[in-house]
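In what follows, every heavy atom counts, from backbone to side chain, and hydrogens, waters and symmetry copies are set aside. Letters A, B, ... mirror the listed sequences (proteins, then strands); counts begin at 1. Since we're looking at a predicted model, the values are computed, not measured.
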Amino acid sequence: MFSDLADRKAQARRVVRQLKKDYPIAECALNYETPFQLLIATILSAQCTDVRVNIVTKDLFAQYPDAHAMARAPVKTLEKLVQTTGFFRNKAKNIHAASQALDEKFDGEVPQDLAVLVDLPGVGRKTANVVLGTAFGIPSGIVVDTHVGRLTKRMGLTDKADAVKIEKELLEIVPKKEWIQFSHRLIHHGRAICAARKPKCHDCHFAKFCPQVGVA
DNA sequence: ATCCCGAGGG
DNA sequence: CCCTCTGGAT
């Protein structure tokens with residue numbers, strides 16, 4: 001439908017304009033005080049709601065506020081603290097190992113480099129892009145999570161399924177200065193209106209140019 | 001492609 | 001029951 005690049009760019013402009021109108025201030029919904037804490041919260045957010053992550057990180061960060069402290073926490077204790085976010089053994093292992101790496105190699109600071117971030121345990125492109133964009137204001141790419149993937153496909157901005165391919169296509173049609181806010185706004189819209197299972201198309205301001213409306 | 005793995009909604 | 005929720009590693 002929007003296979004042509006020019007068409008997808010035009011559609012991207014409509015989407016960005018409406019996003020700005022509907023969600024003028026779209027921030028990360030995860031609670032954090034430092035880049036390190038945002039990194040940990042984002043690792044924990046895999047397959048889990050941000051609301052639940054915030055419940056867990058309240059106690060987690062009270063006990064282990066930085067990389068130096070978390071690197072010295074017993075993994076079993078971390079497992080208990082992050083248990084309700086799902087995948088808790090992997091997540092506990094990853095936040096512990098990532099904290100150790102940061103503490104030993106980077107003096108506890110979070111490096112502002114996508115390749116270095118992706119090298120940390122439990123950190124992929126999605127998490128790295130969140131940290132660089134939200135904590136440091138560096139537009140290193142576009143965060144493609146389950147919401148961004150679903151909405152950009154519905155709105156005709158991409159027809160890809162793979163997150164990396166979706167990001168590549170989005171980078172071509174969304175202005176760089178919009179990259180950081182673009183994802184946050186789509187995520188808000190995905191939660192409030194364009195839900196995965198029962199989208200509220202009647203309340204959706206994007207319906208007038210959304211190719212998905214009326215489609216089974 | 002499959003596994004990790006928990007809570008909440010429908 | 002099945003699906004979804006700000007994924008990553010094998």
**Q.** Between Q11(A) and R14(A), a side-chain donor and acceptor under 3.5 Å
**A.** yes
Q. Is a side-chain donor-acceptor pair under 3.5 Å present for R150(A) with H147(A)?
A. yes
Answer whether the closest heavy-atom distance between the side chains of [X] and [Y] falls below 4.5 Å.
{"X": "L60(A)", "Y": "L44(A)", "result": "yes"}
{"X": "F209(A)", "Y": "Q18(A)", "result": "yes"}
{"X": "L78(A)", "Y": "M70(A)", "result": "yes"}

(Q) Check this for me, if you would: do K168(A) and E172(A) make a salt bridge, where the nitrogen-to-carboxylate-oxygen distance has to be below 4.0 angstrom? (A)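 A salt bridge is present here (some side-chain N lies under 4.0 Å from a carboxylate O).
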(Q) Tell me whether K93(A) is salt-bridged to E79(A), with the criterion being a basic N under 4.0 Å from an acidic carboxylate O. (A) no
Q: Could you run through nucleotides 4-10 of chain C and give me one letter per nucleotide, 5' to 3': B if any protein heavy atom sits under 4.0 Å from the base, S if only the sugar-phosphate is that close, - if neither?
A: SBBBSS-
Residues 189-201 of chain A, side-chain donor-acceptor partners within the protein, below 3.5 Å, at least two apart:
residue	atom	partner	partner atom	Å
H189(A)	ND1	Y23(A)	OH	2.6
R191(A)	NH1	D50(A)	OD1	3.2
R191(A)	NH1	D50(A)	OD2	2.5

Donor-acceptor pairs under 3.5 Å, side chain of residues 128-138 of chain A to any protein atom, not counting sequence neighbours: which ones?
residue	atom	partner	partner atom	Å
N129(A)	OD1	S140(A)	OG	2.7
N129(A)	ND2	R125(A)	O	3.3
N129(A)	ND2	E167(A)	OE2	3.2
T134(A)	OG1	V130(A)	O	3.1
T134(A)	OG1	H184(A)	NE2	3.3

Could you work out the separation of [N] and [M] based on their [atom1] atoms and round it to a whole Å?
{"N": "dG8(B)", "M": "dG8(C)", "atom1": "P", "value": "24 Å"}
{"N": "dC5(B)", "M": "dC3(C)", "atom1": "C1'", "value": "15 Å"}
{"N": "dT6(C)", "M": "dG10(B)", "atom1": "P", "value": "15 Å"}

(Q) My understanding is that only residues two or more places apart in sequence, or in another chain, count here; which of them pass side chain to side chain donor-acceptor pair (under 3.5 Å) with D162(A)? (A) none
**Q.** Interface limits on DNA chain B, where chain A has a heavy atom under 4.0 Å of a nucleotide atom
**A.** dC4(B) to dG10(B)
Q: With a 4.0 Å heavy-atom cut-off, tell me which residues in residues 60-74 of chain A come close to DNA chain C, sorted by residue number.
A: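 The stretch gives none, as no residue of it lies under 4.0 Å from the strand.
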